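Shown next, in structure tokens, is the structure this report addresses.
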Amino acid sequence: MVGAKPIDGEYDYVIVGAGSAGCLLAERLSADSSRRVLVLEAGGLDNWVWFHIPVGYLFAIGNPRSDWCFKTEPEAGLNGRILNYPRGKAIGGSSSINAMIYMRGQAADYDHWRQLGLSGWGWDDVLPYFKRHENHFLGANEIYGGDGELRIEPPRVRWDLLDAFRSAAAQAGVKSISDFNTGDNEGCCAFHVNQKRGRRWSAASAFLKPALKRGNVRLETGCLAEAVLFEQRRAVGVRWRQDGEIRTARCRGEVILSAGAIGSPQLLLLSGVGPAAHLQERGIPVLLDRPGVGGNLQDHLQLRLIYKVDGIATLNERYYAPLGLTRMLIEYALFRRGPLTMAPSQLGLFTRSDPDQERANLQYHVQPLSLDKFGDPLHKFPAFTASVANVRPTSRGAIRLRSPNPGDAPMIMPNYLSTDQDRRIAAAAIRLTRRIVAQPALAAFHPAEYLPGPAVTDDEASLAKAAGDIGTTIFHPVGTAKMGLASDPLMVVDEQLRVAGVERLRVVDASVMPAITSGNTNAPTMMIAEKGAAMIRAAAGT
């Protein structure tokens with residue numbers, strides 16, 4: 001491009017995005033010292049203390065230093081509300097600001113992918129790729145890996161309130177289990193977290209920083225990708241804007257998009273790969289009519305029920321107590337324990353919304369705290385949050401360009417609660433939460449429903465409206481560059497993660513999921529990157 005400033009030489013791999021997938025790809029692809037790897041990250045370095053202290057998510061989400069601060073379009077299913085849509089804005093991507101919860105999902109999720117015709121993506125196929133990078137506190141066994149880069153630990157703080165909720169769940173018929181990651185996560189237990197000795201252990205810490213010590217990896221930050229460069233239909237490089245300049249890099253191997261379920265489809269669309277009519281509306285020349293790009297958006301909608309309590313500790317009053325934060329900082333500095341080590345949720349629960357469900361379809365994140373929304377301050381009254389999400393929603397949304405300007409945030413339209421089934425399950429989830437909280441194990445603490453509130457009755461219409469009033473993203477967008485067979489009209493990549501219809505271009509991140517997994521999506525995204533790296537190296541003969 002005239003006026004563009006190329007960076008030195010050619011690269012074997014150009015990775016767009018240094019999030020959970022991109023960081024792992026950089027490590028794996030640079031293991032061959034003969035290969036040059038360029039990593040382009042739109043955000044900055046993770047050189048802020050709250051990227052590393054686990055409770056820092058309270059300060060990072062909603063902060064333009066660490067969060068892209070996207071917003072959805074008005075959502076009809078949420079009664080016209082616009083949601084904040086956090087995405088990590090630093091190396092590590094959303095793994096630098098997320099809940100740190102390590103959750104693979106259910107074996108049946110991946111077996112479903114295989115049943116869609118995607119060979120090599122069943123549970124037995126993907127389990128070795130999970131294990132390959134795991135450094136699990138239980139050590140290596142038939143379930144976990146023990147010598148990988150990604151540290152997985154148990155929580156380093158406990159709350160009597162969460163123990164009481166777990167007992168209440170058992171009284172309501174939800175059994176206690178020891179582990180969510182064996183393939184069947186139905187039950188209640190503590191989450192495992194991506195931490196190392198009380199510090200957040202992001203994908204940047206686990207994979208990218210070690211890779212950068214090699215001489216064949218180059219990281220560029222502050223790079224707003226504008227387009228994949230093509231010769232005919234072969235990807236040959238990337239163009240981006242950095243420090244006010246337009247820059248380019250040539251790639252003699254493969255260009256890999258790992259910018260996430262928002263960024264990867266946005267870049268494909270900007271590059272002329274996507275629904276032809278939409279591209280023409282935005283004045284972008286159509287390289288390839290690929291209707292599925294930006295479609296098939298799936299996300300977990302959490303319904304955050306909040307209960308005031310008394311007679312038992314929560315983070316709310318501990319934080320606001322005289323010298324509360326100071327005491328917590330001292331406990332953390334001396335022992336790497338206490339509330340500052342907290343993931344947003346320590347206790348999880350998976351169950352079925354109704355007996356007709358073949359497997360658990362609801363996930364709870366139970367938190368000894370409450371706030372109006374992430375990025376807002378904690379409430380000043382003692383309370384807990386029981387957040388519940390339908391983990392296999394049938395609603396589908398889309399990502400679309402707002403304009404041809406790469407600097408304009410895309411239109412995010414999750415289309416939550418747009419199906420009768422999703423509205424019915426949302427109503428059932430609120431009823432179930434109320435039933436758990438009403439059990440004897442919590443009675444001594446006098447839980448009083450603050451949100452959605454006692455004025456909301458248990459009839460279907462009232463509960464569905466309440467779900468629209470209180471529902472919000474739990475930050476799990478996937479599916480916008482769907483993996484599928486050639487016969488699937490929404491297919492974007494094949495089972496090798498290659499973009500169909502062009503050469504030397506892959507998407508390797510959460511956007512390739514054909515159907516969302518039953519739980520938090522960070523671990524599945526890293527598995528996809530692990531498997532994708534193996535495919536890329538195999539194709540290159542390394």
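Quick caveat, the model's predicted, so the values are computed rather than measured.
There is a side-chain donor-acceptor pair under 3.5 Å between Arg200 and Asn98. Checked by atom type, the side-chain pair Asp111/Gln106 shows no donor-acceptor distance below 3.5 Å. A side-chain donor-acceptor contact under 3.5 Å links Ser511 and Asp509. One side chain, Arg392 or Ser518, offers a donor N or O that lies under 3.5 Å from an acceptor on the other. A donor-acceptor contact closer than 3.5 angstrom links the side chains of Ser345 and Gln367. Looking at Asp408 and Ser403, their side chains do bring a donor and an acceptor atom within 3.5 Å of each other. Looking at His476 and Asn522, their side chains never bring a donor and an acceptor atom within 3.5 Å of each other. With hydrogens and angles left out, the side-chain atoms of Tyr110 and Thr517 include no donor and acceptor closer than 3.5 Å. Donor-acceptor pairing under 3.5 Å is recorded for the side chains of Tyr416 and Asp299. Side chains of Gln302 and Ser387: a donor on one and an acceptor on the other come within 3.5 Å. Thr419 and Thr394 share a side-chain donor-acceptor pair at under 3.5 Å. A donor atom on one side chain and an acceptor atom on the other are found under 3.5 Å apart for Asn84 and Lys71.
Under a 3.5 Å cut-off, the side chain of Arg423 and the backbone N or O of Ala464 do not form any donor-acceptor pair. Between the side chain of Arg234 and the backbone N or O of Val502, no donor-acceptor pair lies under 3.5 Å. With Ser462 contributing its side chain and Asp459 its backbone, the two residues share no donor-acceptor pair below 3.5 Å. Put simply, the side chain of Gln242 gets close to the backbone of Thr221: a donor and an acceptor are under 3.5 Å apart. Looking at Gln496, its side chain never comes within 3.5 Å of a backbone N or O of Arg498 through a donor-acceptor pair. The backbone N or O of Val391 lies less than 3.5 Å from a partner atom in the side chain of His300, making a donor-acceptor pair. Of the possible donor and acceptor atoms, none in the side chain of Trp113 sits under 3.5 Å from a partner among the backbone N and O of Pro514.
Note that CZ of Arg239 and CG of Leu224 are 10.5 Å apart. Values are rounded to the nearest 0.5 Å. To the nearest 0.5 Å, atom CG of residue Leu269 and atom CG of residue Leu401 are 4.5 Å apart. Atom CH2 of Trp201 and atom OH of Tyr102 lie 15.5 Å apart (nearest 0.5 Å). Rounded to the nearest 0.5 Å, atoms OG1 (Thr385) and CG (Leu451) are 8.5 Å apart. Note that the OG1 atom of Thr472 and the CG atom of Leu303 stand 10.0 Å from one another [nearest 0.5 Å]. With values rounded to the nearest 0.5 angstrom, Leu58 atom CG is found 5.5 Å from Leu378 atom CG.
By the 4.0 Å N-to-carboxylate-O rule, Asp354 lies too far from Arg431 to be salt-bridged with it. Using a cutoff of 4.0 Å between basic side-chain nitrogens and carboxylate oxygens, Glu10 and Arg36 are not scored as salt-bridged. A salt bridge is defined here as a Lys NZ or Arg NE, NH1 or NH2 lying under 4.0 Å from an Asp or Glu carboxylate O, and Arg250 with Glu231 meets this definition. Taking 4.0 Å as the cut-off between side-chain N and carboxylate O, Arg241 and Glu226 count as a salt-bridged pair. Of the charged side-chain nitrogens involved, at least one lies within less than 4.0 Å of a carboxylate oxygen, so that Glu530 and Arg28 count as a salt-bridged pair. Taking the charged nitrogens against the carboxylate oxygens, Lys465 and Asp469 do have a contact shorter than 4.0 Å, which makes a salt bridge. Taking 4.0 Å as the cut-off between side-chain N and carboxylate O, Glu73 and Arg400 do not count as a salt-bridged pair. A salt bridge links Asp109 to Arg359: one of the charged nitrogens lies within less than 4.0 Å of a carboxylate oxygen. In summary, Lys482 and Asp488 engage in a salt bridge, as defined by a charged side-chain N under 4.0 Å from a carboxylate O. A salt bridge is absent between Glu358 and Arg352; no separation between the charged side-chain nitrogens and carboxylate oxygens falls under 4.0 Å.
A 4.5 Å side-chain heavy-atom check between Arg402 and Pro410 finds every atom pair outside the cut-off. The shortest side-chain heavy-atom distance between Phe350 and Tyr364 does not fall under the 4.5 Å cut-off. Between Thr473 and Leu301, the closest side-chain pair of non-hydrogen atoms is not below 4.5 Å. Between Asn296 and Thr480 the shortest side-chain heavy-atom distance does not fall below 4.5 Å. Contact check for Pro477 versus Leu297: side-chain heavy atoms found under the 4.5 Å cut-off. Side-chain contact check for Met526 versus Cys23: every heavy-atom pair is 4.5 Å or farther apart. In this structure, the side chains of Ile528 and Leu497 come closer than 4.5 Å at one or more pairs of heavy atoms.
Not counting sequence neighbours, Arg504 has no partner by the side-chain hydrogen bond (donor to acceptor under 3.5 Å, both in side chains) test. The side chain to side chain contact (heavy atoms under 4.5 Å, CB included) check on Arg35 picks up Asp12, Tyr13, Asp32, Ala540, Thr542, with sequence neighbours excluded. For Arg304, there are no salt bridge (charged side-chain N to carboxylate O under 4.0 Å, His left out) partners at least two apart in sequence or on another chain.
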Open item on the list: One pair to check against side-chain hydrogen bond (donor to acceptor under 3.5 Å, both in side chains): Ser96 and Asp46. What are the steps and the verdict?
Closed with: CA-CA 8 Å; Ser96 290; Asp46 60 349; 5.0 Å; no

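Relative ring orientation between Trp48 and Phe51 is described as perpendicular, the plane-to-plane angle rising above 60° on a 0-90° scale split at 30° and 60°. Note: Phe130 and Trp123 have tilted aromatic rings, judged against thresholds of 30 and 60 degrees for the angle between ring planes. Using the six-membered ring where Trp is involved, Trp50 and Phe59 have ring planes that are tilted, between 30° and 60° apart.
Taking the six-membered ring wherever Trp is involved, the centroid distance between the rings of Phe191 and His365 falls below 6.0 Å.
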